[in-house]
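Sequence positions, counted from 1, serve as the residue numbers for this chain.
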Amino acid sequence: MHNTKTRDKREQGENMNDRLFRTILKRYEAEIEDANYKIECICDHNMVIPEHIDITGEIDKQLERIAAAEDKLSAMRKYYGENKAKALL
């Protein structure tokens with residue numbers, strides 16, 4: 001039964017508009033880029049954000065953002081076409 005559900009989701013996913021697909025991928029890529037930039041700023045420039053004295057906690061939060069966006073990208077590849085995702089990345 002699980003395989004049938006997965007196949008049905010993939011069949012539905014293949015109908016996703018290419019423009020919508022690219023837009024969502026770019027959104028997740030931007031999320032990853034933003035989090036990476038913030039981590040680099042904290043590490044390279046010893047930046048401390050006044051509201052976030054816990055530097056390791058702030059880096060952990062950014063890593064959570066990266067992990068969530070990567071999970072979403074993985075789901076996009078799985079259900080809406082790995083070939084499209086690879087071509088766009």
Side-chain angles (χ1 to χ4, degrees):
M1 176 147 185
H2 177 70
N3 289 339
T4 304
K5 283 185 177 182
T6 301
R7 186 170 16 114
D8 290 343
K9 287 181 182 179
R10 284 185 181 164
E11 288 171 3
Q12 290 172 359
E14 289 173 2
N15 295 326
M16 181 182 277
N17 172 317
D18 284 342
R19 184 173 178 196
L20 174 60
F21 186 87
R22 287 191 309 269
T23 301
I24 293 170
L25 282 178
K26 288 178 182 180
R27 177 181 187 160
Y28 299 146
E29 290 169 349
E31 183 77 14
I32 292 168
E33 184 67 27
D34 182 63
N36 275 323
Y37 176 75
K38 288 178 179 174
I39 290 171
E40 287 175 21
C41 285
I42 291 168
C43 294
D44 293 347
H45 305 293
N46 295 320
M47 290 179 65
V48 177
I49 304 165
E51 311 85 59
H52 302 285
I53 297 172
D54 181 10
I55 294 171
T56 56
E58 184 60 28
I59 290 175
D60 184 61
K61 185 184 349 176
Q62 299 307 317
L63 289 172
E64 286 177 9
R65 289 177 60 206
I66 291 169
E70 286 178 346
D71 285 347
K72 291 174 183 179
L73 284 171
S74 177
M76 289 286 294
R77 289 183 188 108
K78 181 176 181 180
Y79 293 107
Y80 300 101
E82 186 171 333
N83 291 338
K84 287 183 185 179
K86 284 183 178 177
L88 295 172
L89 295 175

### Task
Using the rule that two of Ile, Leu, Val, Met, Phe, Trp, Tyr join whenever any of their side-chain heavy atoms come within less than 4.5 Å, decide whether I55 and L63 are in one cluster.
yes

### Message
Against I39, only a single residue in D60, D44, I66 fulfils side-chain contact (heavy atoms from CB on, under 4.5 Å); can you say which?
### Response
I66

### Query
Is it true that K26 and E29 have a side-chain N and a carboxylate O under 4.0 angstrom from each other?
no

### Task
Taking all non-hydrogen atoms of both residues into account, name the closest pair between Y80 and F21 and its distance.
O-CE1, 3.3 Å

### Query
Got a second to check how far T56's OG1 is from E58's CD, nearest 0.5 Å?
10.0 Å

### Spacing of R65 atom CZ and Q62 atom CD [to the nearest 0.5 Å]
4.5 Å

### Query
Under 3.5 Å, is there a donor-acceptor pair between the side chain of T23 and the main chain of R19?
yes

### Query
Going from NZ on K72 to CG on L25, what distance comes out if it is rounded to the nearest 0.5 angstrom?
12.5 Å

#### Entry: Distance, nearest 0.5 Å, that separates CG of D18 from CG of L20
9.5 Å

## Note on the structure
Separation between CG (N36) and CD (E31), nearest 0.5 Å, reads 10.5 Å

